[in-house]
Amino acid sequence: MSFLSFFLAMRVFSRLAKIASASIFGVLLMASSSAGAAYHAVDESGAASPEFQIRFSQTLGDTPQDGRLLLMLSNTDRDEPRFLINNSLDTQLIFGQNVEAWKPAEIALIDSDTLGFPISSTAQIPPGRYYVQALLNRYHTFHLSNGKVVSLPPDRGEGQRWNRKPGNFLSTPFAVDIGEANQVIEVVLDQVIPEIDPPRDSEFIKHVRMRSKLLSDFWGEDIYLGANVLLPKGFAEHPQARYPLMVFHGHFPRTIGDFRTEPPDEDLEPIYSKRFDIEGYNIIQQQEAHNNYLRWVSEDFPRFLVLEIQHPTPYYDDSYAVNSAAQGPYGEAINLELIPFIEEKFRGLGEGWARVTYGGSTGGGEAMATQVFYPEMFNGAFIACPDPIDFRAFTSINIYEDDNAFFYDSDFQKIPRPGHRDYLGAVHASIKDYNDLERVLGDKNRSTQQFDIWEATYSPVDDEGYPKDLWDPETGKIDKRVANYWREYCDLGYCLRRDWESLGPKLQGKLHIYTGDMDNYYLNNAVYLVEDFLKSTTEPAYDGEVAYGDRAEHCWNGDQENGNHLSRLRYNSMYLPRILERIKDSAPVGADLTSWRYP
């Protein structure tokens, strides 16, 4: 405790260091402006309407480029502009447009006609000093098995983060003063984001890749699924043991997280977590990761495999683990190709009674979809703060009854639908805000952001091969034909109601759902609707659990005693007592319940 207190007391020195660092970054930006870009005042009166002339350096190659060209302006030098774009009140400015067959010598123009966020045009940029940066999110051409040819941003090992994607072109940030006269500002992309070093294997953590025939056939080229596997203590020393498998769904995992064989670094500088309002949260994270290791190797801890899956697509950092018209058969590839591959390679028991899935947020939705669509392949799903599991409450939208996704239906008022709130109900962003940013980052559902992946997952494809819009991205008007497709295809609440007679016996006792009643993204509303149905079931009764955290935000996962800042770090052990009880009660006669229970 004294170690933690000491570092928390040193926080003031951390902040002084950050101030110094920001000042140095600003000096570097000013120094780079003369080398990387130029700007010229144009002798015209009127409001500022800067024009940005962008090209990429021939040092990056002669190959013509397709992709999304993004221009960012920031009024602060605390970080590069590309890292300051989001849906918070602190977001900086971004503008975006497509480029096709763009050559080094050609100028790409971003001006008042280019779509922007949070202001819609460069003509609305207030006068002042800005730090300017441009980035090209490069696209790749896929020849799909359905005959369509699509141009999309492939994942390159970073988990679909456009501002960190290896191979993307970008410029060095530079400072510019935007005044009340028109200006021409030249920007040169002369940098490329470097490749990412793969994580290393260790005694407990293994990283494997498997070529998926199903996905390769769909995409028209080799597609691999990645797997991060946490091995139990004594795996090598007990070759006769076969293990249960816990599938931990979630966003793109570079490696197994929250697992650390060493104690926290003694010289670790404490960092403040704005999300949890906690000083030194990085120290807490390292300590919890080490605690997880100590628990994992303790004598009375059961031995099992943990699997985290890497399944990024050109639309997002993961596929949502279901089959999709736009993304291909990821549900089958994960469950019918990858999981048997992992169980064979690492001596899994390979039977449904010995598999459990869990996850939070996106992972919570994936865990529930996996259990519902493959009901006998898994023996339970622990579903935390799931993405919408009933589309009558698709965040704050009923996609079947509401006419508009952006605004409440009204004859005379235009009240925005909320998209993000805090535990007291204060709204920080609207549904339209999220969609407006996605429109800038990419058209045709290519932003690699949240609403676009939902459409890539649940929608049919259009004539070009891209996902059909559930609603008009400019006006928010909902397309009821697409909504009806969503309902039949992947509305989990509807699927339960429609198919309970056949699904119920296979799901009894397997669904455990948890969410905060003040989830930031209104995801608790869909849980209420599913809970109402589950509680009404009698033949059979669902015999599971639905629980809520009082005033808990996203992503509460069922821990009524500890804050989410701790429980989110304990997924691989927090549900274990109920998992073991379920396995014991449901394992068939003669099942192996002992080889994996060694000290």
Side-chain angles (χ1 to χ4, degrees), residues 60-68 98-102 136-162 164-169 192-198 207-228 251-254 309-342 345 441-449 452-453 455-468:
L60 302 181
D62 296 323
T63 304
Q65 298 294 320
D66 298 337
R68 190 70 171 181
N98 293 335
V99 292
E100 295 181 4
W102 186 31
L136 177 65
N137 192 12
R138 298 167 64 193
Y139 288 176
H140 172 74
T141 300
F142 294 91
H143 298 265
L144 306 182
S145 61
N146 59 13
K148 307 296 184 182
V149 179
V150 293
S151 183
L152 297 166
D155 183 82
R156 299 193 183 276
E158 86 292 349
Q160 278 299 7
R161 302 177 69 182
W162 58 268
R164 297 184 184 273
K165 185 187 296 292
N168 277 355
F169 298 168
V192 62
I193 299 177
E195 297 297 321
I196 297 172
D197 292 331
H207 308 90
V208 298
R209 298 176 77 224
M210 182 209 75
R211 180 186 180 276
S212 166
K213 181 181 185 306
L214 291 170
L215 295 174
S216 299
D217 289 347
F218 177 87
W219 287 99
E221 58 185 65
D222 287 343
I223 301 295
Y224 288 83
L225 293 172
N228 304 328
H251 288 286
F252 181 88
R254 182 174 183 271
I309 305 168
Q310 293 179 339
H311 48 123
T313 83
Y315 289 100
Y316 199 51
D317 77 344
D318 71 29
S319 68
Y320 272 71
V322 296
N323 296 342
S324 163
Q327 299 184 111
Y330 272 91
E332 293 179 12
I334 290 170
N335 292 292
L336 305 184
E337 290 183 324
L338 180 65
I339 286 179
F341 172 81
I342 294 299
K345 186 175 182 65
L441 291 174
D443 62 351
K444 301 179 181 179
N445 294 296
R446 293 183 290 192
S447 72
T448 70
Q449 303 299 299
D452 278 352
I453 182 54
E455 294 189 294
T457 302
Y458 306 135
S459 288
V461 295
D462 62 18
D463 292 340
E464 293 183 276
Y466 299 101
K468 281 189 175 181

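For H251, the ring pair (Phe, Tyr, Trp, His ring centres under 6.0 Å) partners two or more places apart in sequence, or in a different chain, are Y316. Not counting sequence neighbours, D463 has no partner by the side chain to side chain donor-acceptor pair (under 3.5 Å) test. The side chain to side chain contact (heavy atoms under 4.5 Å, CB included) test applied to P340 returns no partner, not counting sequence neighbours. Listed by chain and number, the residues in a salt bridge (Lys or Arg N to Asp or Glu O under 4.0 Å) with D443 are R446 (sequence neighbours excluded). Among residues two or more places apart in sequence or in another chain, the side chain to side chain donor-acceptor pair (under 3.5 Å) test is passed with N445 by D469.
Contact annotation: the side chain of F218 approaches that of P329 to within less than 4.5 Å [non-hydrogen atoms, C-beta and beyond].
Taking both residues in full, the closest heavy atoms of L214 and A333 are given as CD1-N, 3.9 Å, listed atom of the first, atom of the second, then distance. The heavy-atom pair separating S319 from H311 by the smallest distance is OG-ND1, 2.7 Å. Considering all non-hydrogen atoms of both residues, K468 and S459 come closest at O-OG, 2.9 Å. Taking every heavy atom of both residues into account, Y139 and S151 meet most closely at CB-OG, 3.2 Å. The two atoms that bring P314 and T448 nearest to each other are O-CG2, 3.9 Å, heavy atoms only. Of all heavy-atom pairs between Y315 and A456, the closest is CG-CB, 3.6 Å.
Rounded to the nearest 0.5 angstrom, L136 CG and W102 CH2 are separated by 6.0 Å. The CD1 atom of I453 sits 4.5 Å away from atom OG1 of T313, with the distance rounded to the nearest 0.5 Å. Taking CG of L152 as the reference point, atom CG of D66 lies at 11.0 Å (rounded to 0.5 Å). Taken to the nearest 0.5 Å, the CG atom of L338 stands 5.5 Å off from the CD1 atom of I309. The distance from atom CZ of R254 to atom CD1 of I196, rounded to the nearest 0.5 Å, is 7.0 Å. Here L441 contributes atom CG and R68 contributes atom CZ; the two are 8.0 Å apart, rounded to the nearest 0.5 Å.
Checking side-chain atoms of D317 against main-chain N and O of F252 turns up a donor-acceptor pair under 3.5 Å. Using a distance-only test at 3.5 Å, with no hydrogens or angles considered, no donor-acceptor pair links the side chain of Q449 to the main chain of G442. One N or O on the side chain of K165 and one on the backbone of P154 form a donor-acceptor pair closer than 3.5 Å. Within the 3.5 Å criterion, the main-chain N or O of G167 finds a donor-acceptor partner in the side chain of R138. Of the possible donor and acceptor atoms, one in the side chain of N228 sits under 3.5 Å from a partner among the backbone N and O of P253.
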* Asked: After noting the C-alpha distance and the side-chain angles of S447 and D452, does the key distance pass the side-chain hydrogen bond (donor to acceptor under 3.5 Å, both in side chains) rule?
  -> CA-CA 7 Å; S447 72; D452 278 352; 2.6 Å; yes
* **Verdict with reasoning, M210 to K345, per side chain to side chain contact (heavy atoms under 4.5 Å, CB included)** => CA-CA 11 Å; M210 182 209 75; K345 186 175 182 65; over 6 Å; no
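Pairs engaging residues 209-219 under the side chain to side chain donor-acceptor pair (under 3.5 Å) rule: R211-D222, S212-E337, K213-D217 [sequence neighbours left out].
Ring geometry for Y458 against Y320 counts as perpendicular: the plane angle is over 60°, on a 0 to 90° scale with 30° as the lower cut.
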